[in-house]
Amino acid sequence: MLALTHSIWVFAVCFNTALPDPFTFASGAKVVTTADWACRRAEISTLLQNDELGAMPADPQSVTASFSGNTLTITVTDGGKSISFAPTITYPSTGTAPFPAIIGIGGISIPSPAGVAIINFNNNDMAAQNDQSSRGVGKFFTLYGSATLAWAWGVRRIMDAIAKTSAARIDPTRVAVSGCSRNGKGALVAGAFEPRIVLTIPQESGSGGTDTWRISDSILHNGTSTQTASEIIQENVWFSTNFNQFATTSVNKLPFDHHLLMGMVAPRGLFVIDQVGIDWLGPFSSYGALVSAHTIWTALGAPTAMGYSQAASHNHCSFPSTQQTQLNAFINKFLFGQSTNTSIAETAGGYQFAVPNAQWAPWTPPTLVAGGGASGTTTSAASGTPPPTSTAA
Ligand code: MCU
């Protein structure tokens, strides 16, 4: 990994970095209403599952849970087979039950906020991520044949269990998800596919997380060592084998990129924690994805529900104190219902990247008209809160 210099940010990007338009259906029809966005979001979900992540199974036949000794034991039965997994819960020393919580994908790498419980999800037990030999290894695969939505599926089952296990003393309407690096990729996918999560906090997730495949390819093309799709599919099993055809030929054929994966979180809370000091993480790619994805929150009337902070160089997954106030603002708004300033969009000390946003996001974000479609919508765009009872992925 090389330290970044400012010269990286001012090179002329001439690779194919225009990202797919969030506001145009595959058919060419335009997204005009919030109901249209609900349909477009469903289309993006399907495309991501088909081409990159593998299929999210329908809700299983049964999810049962018991709570003892700070361990939430969850048993899932489907198709005549069962698995059990057991997240542990660390309770805060302050506050009142039921507590808000953060589900940590492989634990958390941000400081534990006061008054917030931490649910430690052993994602490697659900689906291993050692290297290529990890394909199909883990409890998820006892029940299902597909691969990389395993951790998001596990988060969904934790949400099922919380809702039905009052002994666990977690408020199911105030749960966030977080993880760092490879587990930051998992946190983003979990937030995208679990609408009961009110705040998603991917940290230094890099390629396959908040980066876009297209901009990462352009960065490598211009000579900076950055992780790309063609490399990532050789390193590990984070994505489905269907993704290999795009990764090995051209990511420009993908009908989505990760700004749309992030857009699936909208208008719920998303706070992206990044840094600019590690080339391999593709901070420039993440920045392009973030400014592009932000147009979706803006179109839904919830621009401050999504924020991003790219700190100066520091050790990978250590959390710099410079980001503490920003993290607090998101935690306090989404887990404690406070009115805080979450209008946060910054890169290392306020440094702004030189490439114009239009290079990545050449669409004009509409102001979506409320309702207006046959399916209707239950989102509360202005407040940035999710539909409270829906469990549809
Ligand atoms: C940023 O996440 C990954 C990265 O994609 C990998 O290439 C590298 O090997 O590991 C990173 C990570 O998870 O570090 C803890």
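Throughout, residue positions are numbered sequentially from 1 according to the sequence presented. Every number for a ligand or one of its atoms is a count from 1 in the order of the listing.
Below 3.5 Å of separation, one finds no N or O of Glu204 facing any N or O of ligand 1. Looking at Ser205 next to ligand 1, no N or O pair under 3.5 Å apart turns up. Between Gln227 and ligand 1, an N or O atom pair is found at a separation short of 3.5 Å. The shortest N or O to N or O distance between Trp238 and ligand 1 is not below 3.5 Å.
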- Message: One pair to check against salt bridge (Lys or Arg N to Asp or Glu O under 4.0 Å): Arg196 and Asp160. What are the steps and the verdict?
- Response: CA-CA 10 Å; Arg196 291 170 293 184; Asp160 292 344; 3.0 Å; yes
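The ring-ring contact (aromatic ring centres under 6.0 Å, His included) analysis of residues 289-312, with sequence neighbours excluded, yields no pairs.
Residues that satisfy the salt bridge (Lys or Arg N to Asp or Glu O under 4.0 Å) test with Glu43, not counting sequence neighbours, are Arg40.
With no hydrogens or angles considered, a side-chain donor-acceptor pair links Asp171 and Thr173 at under 3.5 Å.
Counting heavy atoms closer than 4.0 Å to ligand 1, residue Leu281 contributes side-chain atoms (C-beta onward) but none from N, CA, C or O.
Listed by atom number, the atoms of ligand 1 under 4.0 Å from Glu235 heavy atoms are 6 (C), 7 (O), 8 (C), 9 (O). Close approach of ligand 1 to Lys185 (heavy-atom distance below 4.0 Å) involves ligand atoms 1 (C), 2 (O), 3 (C), 4 (C), 5 (O).
In this structure, Arg169 satisfies the cation-pi test against Tyr91, with its NZ or CZ atom closer than 6.0 Å to the six-membered ring centre and inside 45 degrees of the ring normal.
Contact analysis leaves Glu231 out of contact with ligand 1, as no non-hydrogen atom separation drops below 4.0 angstrom.
Aromatic ring pairs are classed by plane angle as parallel below 30°, tilted from 30° to 60° and perpendicular above 60°; the pair Trp213 and Phe243 is tilted.
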